[in-house]
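It should be emphasised that the depicted structure is a prediction, and the values quoted were computed from it without experimental measurement.
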Amino acid sequence: MHDAVTSKEIDTVSVLALAQNRRRLLADIRIPRPKPSEISAYLAQQPHGDLVWSTQRAGAVPRGVAVPVLVEHPEDSDALAYWPRRNGTTAGVYVSGRSEQEHRSTLFCVLQKLDAHWRRFTPDGVSFMWPSRDFKVADMVSKFGLQLDAFFAMRDAIGSAPCHARPPDLRIRPALPPDLPSLIRLAEEVVTAHIPYSPFARLPASLGARYQERLTAQWEHRTVDGARPISFVAELDAQVVAMADCRIVEEKSCVGALVPHGKYLYVNSFAVTKCLRGTGIGTALADHLHGNVLEEGCCGSYLWFSAYNRNASRFWRKAGYVPLWSSFQRRGE
């Protein structure tokens with residue numbers, strides 16, 4: 001552990017990152033690969049940035065490092081629907097080696113020290129992200145109480161648009177003020193469905209209020225936290241039967257970024273009335289979102305879906321979304 005990040009340590013992290021970037025380029029070209037200058041600038045801004053190091057033998061050059069970060073969500077944040085109030089995570093994990101065996105051995109050592117770090121700081125929960133197409137880590141992280149919880153998936157804008165048949169009389173349009181009660185009801189249904197399975201899912205009292213704020217910003221053509229909210233509804237017989245709560249976001253190239261630099265459509269929440277699932281309504285709405293991606297000039301779209309929800313996994317993969325990151329979580333001590 002370190003009280004401050006030194007220039008020598010920054011240089012070591014940059015070397016590890018470059019080696020890891022080369023390996024991940026072969027595993028998945030979509031994984032962001034921060035430049036050494038970006039890493040140096042990020043670490044230099046940390047006044048007391050603890051780094052978790054791993055070496056294979058005393059006195060050797062470190063072959064692994066993690067940058068732990070404590071994320072604290074406000075009490076009225078709707079992020080609390082899926083994340084703990086104080087979540088321990090990492091802005092970056094860098095491991096190197098001459099073989100997969102060496103990479104795995106180094107990562108295990110880093111995880112040991114990360115585990116000790118978070119036991120000192122006692123957050124409400126801990127999460128760990130790993131590229132879905134890199135070597136498998138589920139068995140390794142389970143030794144530290146971390147279980148697979150969700151996938152962060154992305155769909156590129158390039159490629160042909162889907163051509164699924166739309167149910168007769170289905171209308172898809174931007175959300176309007178009279179839709180608000182239906183939108184909030186569907187958003188709450190989505191969260192409630194996760195509660196029996198997710199370690200942190202709960203229905204925050206602020207969920208409806210935060211969604212209403214985004215909808216109001218959409219209707220007034222404003223941004224919220226730098227993103228432009230945009231919600232769509234699908235209706236049959238003048239009744240709202242599905243919704244998609246989205247945002248147009250500009251992702252920067254930085255340490256800890258989940259997608260490459262560019263403009264994206266983020267699908268925050270997506271729901272179809274339970275009795276109408278499997279009728280093609282969800283597929284039609286997902287196709288509409290992809291059309292919006294193209295109209296907005298976005299690089300693509302991204303979303304989270306639960307690892308334990310087989311229906312969601314099949315649906316989003318069929319819609320063209322490919323897992324980019326696997327998210328593992330555990331409750332705090």
Side-chain angles (χ1 to χ4, degrees), residues 1-56 59-72 87-98 100 102-103 106-107 109-111 113-114 117 127-135 137 152 154 156-158 223 225-227 247-264 266 297-300 302 324-327:
M1 296 295 183
H2 302 264
D3 292 330
V5 180
T6 66
S7 297
K8 183 177 180 180
E9 290 166 350
I10 290 176
D11 291 341
T12 301
V13 175
S14 298
V15 170
L16 289 172
L18 281 175
Q20 180 164 277
N21 285 348
R22 288 191 291 269
R23 180 174 58 83
R24 286 187 172 170
L25 177 63
L26 300 176
D28 193 334
I29 61 173
R30 303 169 304 155
I31 293 291
R33 293 175 294 278
K35 300 174 183 177
S37 58
E38 293 171 341
I39 295 172
S40 299
Y42 175 82
L43 294 178
Q45 293 171 0
Q46 308 306 306
H48 298 286
D50 284 344
L51 298 179
V52 174
W53 295 95
S54 170
T55 58
Q56 300 303 99
V61 175
R63 286 169 40 189
V65 64
V67 186
V69 175
L70 183 64
V71 179
E72 299 194 52
N87 186 57
T89 185
T90 52
V93 179
Y94 308 103
V95 295
S96 66
R98 292 167 294 183
E100 181 179 315
E102 287 189 358
H103 280 99
T106 303
L107 179 60
C109 292
V110 170
L111 287 168
K113 295 186 177 182
L114 268 177
H117 175 89
S127 63
F128 181 77
M129 303 283 289
W130 191 254
S132 299
R133 289 185 176 178
D134 208 331
F135 59 82
V137 299
F152 178 94
M154 187 175 78
D156 292 327
I158 59 174
T223 60
D225 298 327
R247 304 167 201 172
I248 302 294
V249 297
E250 188 76 34
E251 296 287 358
K252 305 298 183 182
S253 178
C254 62
V255 175
L258 298 181
V259 292
H261 172 82
K263 185 166 73 168
Y264 294 86
Y266 166 44
C298 296
C299 302
Y302 62 79
L324 186 60
W325 296 90
S326 300
S327 175

Check: Quick one: does Gln20's side chain have a donor or acceptor within less than 3.5 Å of a partner on Val95's backbone?
Finding: yes
Margin query: Under the criterion salt bridge (charged side-chain N to carboxylate O under 4.0 Å, His left out), I'd like the reasoning laid out for Arg23 against Asp134: C-alpha separation, chi angles, the key distance, then a yes or no.
Written below: CA-CA 9 Å; Arg23 180 174 58 83; Asp134 208 331; 2.7 Å; yes
Notebook entry, point to check: Any side-chain heavy atom of Tyr302 sitting closer than 4.5 Å to one from Val249?
Noted result: yes
Notebook entry, point to check: Out of curiosity, Arg24 CZ to Ile29 CD1, how far, rounded to the nearest 0.5 Å?
Noted result: 15.0 Å
Check: Distance-only, no hydrogens or angles: does the Asp156 side chain make a donor-acceptor pair with backbone N or O of Ile158 under 3.5 Å?
Finding: no
Checklist line | Heavy-atom closest pair, residues Lys252 and Ala257 | finding: O-CB, 3.9 Å
Next item on the list: Would you confirm whether Glu102, through its side chain, and Arg98, through its main-chain N or O, come within 3.5 Å as a donor-acceptor pair?
Entry: yes
Note to self: Once rounded to the nearest 0.5 Å, what's the spacing between atom OG of Ser96 and atom CG of Leu16?
What the structure shows: 5.0 Å
Notebook entry, point to check: Do any N or O atoms from the side chain of Trp130 and from the backbone of Phe135 form a donor-acceptor pair under 3.5 angstrom?
Noted result: yes
Notebook entry, point to check: If we only count heavy atoms from C-beta on, is the Val110 to Tyr94 side-chain gap below 4.5 Å?
Noted result: no
Item checked: Full working for side chain to side chain contact (heavy atoms under 4.5 Å, CB included) between Asp28 and Leu324 -> CA-CA 8 Å; Asp28 193 334; Leu324 186 60; 3.6 Å; yes
Notebook entry, point to check: Is there a donor-acceptor pair closer than 3.5 Å between any side-chain N or O of Arg133 and the backbone N or O of Pro131?
Noted result: no
Check: Below 4.5 Å, heavy atoms only, C-beta onward: do Leu51 and Leu43 meet side chain to side chain?
Finding: yes
Margin query: With a 4.5 Å cut-off on side-chain heavy atoms, are Asn21 and Pro34 touching?
Written below: yes
Notebook entry, point to check: Is any side-chain heavy atom of Val259 less than 4.5 Å from a side-chain heavy atom of Tyr264?
Noted result: yes
Next item on the list: With side chain to side chain contact (heavy atoms under 4.5 Å, CB included) as the test, would you mind laying out the steps for Val137 and Leu107 before giving the verdict?
Entry: CA-CA 9 Å; Val137 299; Leu107 179 60; 3.7 Å; yes
Item checked: Side-chain touch Glu251/Tyr266, heavy atoms, less than 4.5 angstrom -> no
Item checked: Closest approach of Cys298 to Ala157 (non-hydrogen atoms, all atoms of both residues) -> O-CB, 3.3 Å
Check: Quick one: does Lys263's side chain have a donor or acceptor within less than 3.5 Å of a partner on Ile248's backbone?
Finding: no
Next item on the list: Say whether, by atom type as modelled, one donor and one acceptor occur between the side chain of Ser132 and the main chain of Ser326 under 3.5 angstrom.
Entry: yes
Check: Hey, does Thr90 have a side-chain heavy atom less than 4.5 Å from the side chain of Leu114?
Finding: yes
Checklist line | Closest non-hydrogen atom pair between Leu70 and Gly88, with its separation | finding: CD1-N, 4.1 Å
Note to self: To check you understand the geometry: which heavy-atom pair defines the closest contact between Thr12 and Trp53, and what is its length?
What the structure shows: CG2-CZ3, 3.7 Å
Notebook entry, point to check: Can you tell which of Arg33, His261, Glu38, Lys35 makes a side-chain hydrogen bond (donor to acceptor under 3.5 Å, both in side chains) with Ser253?
Noted result: Glu38
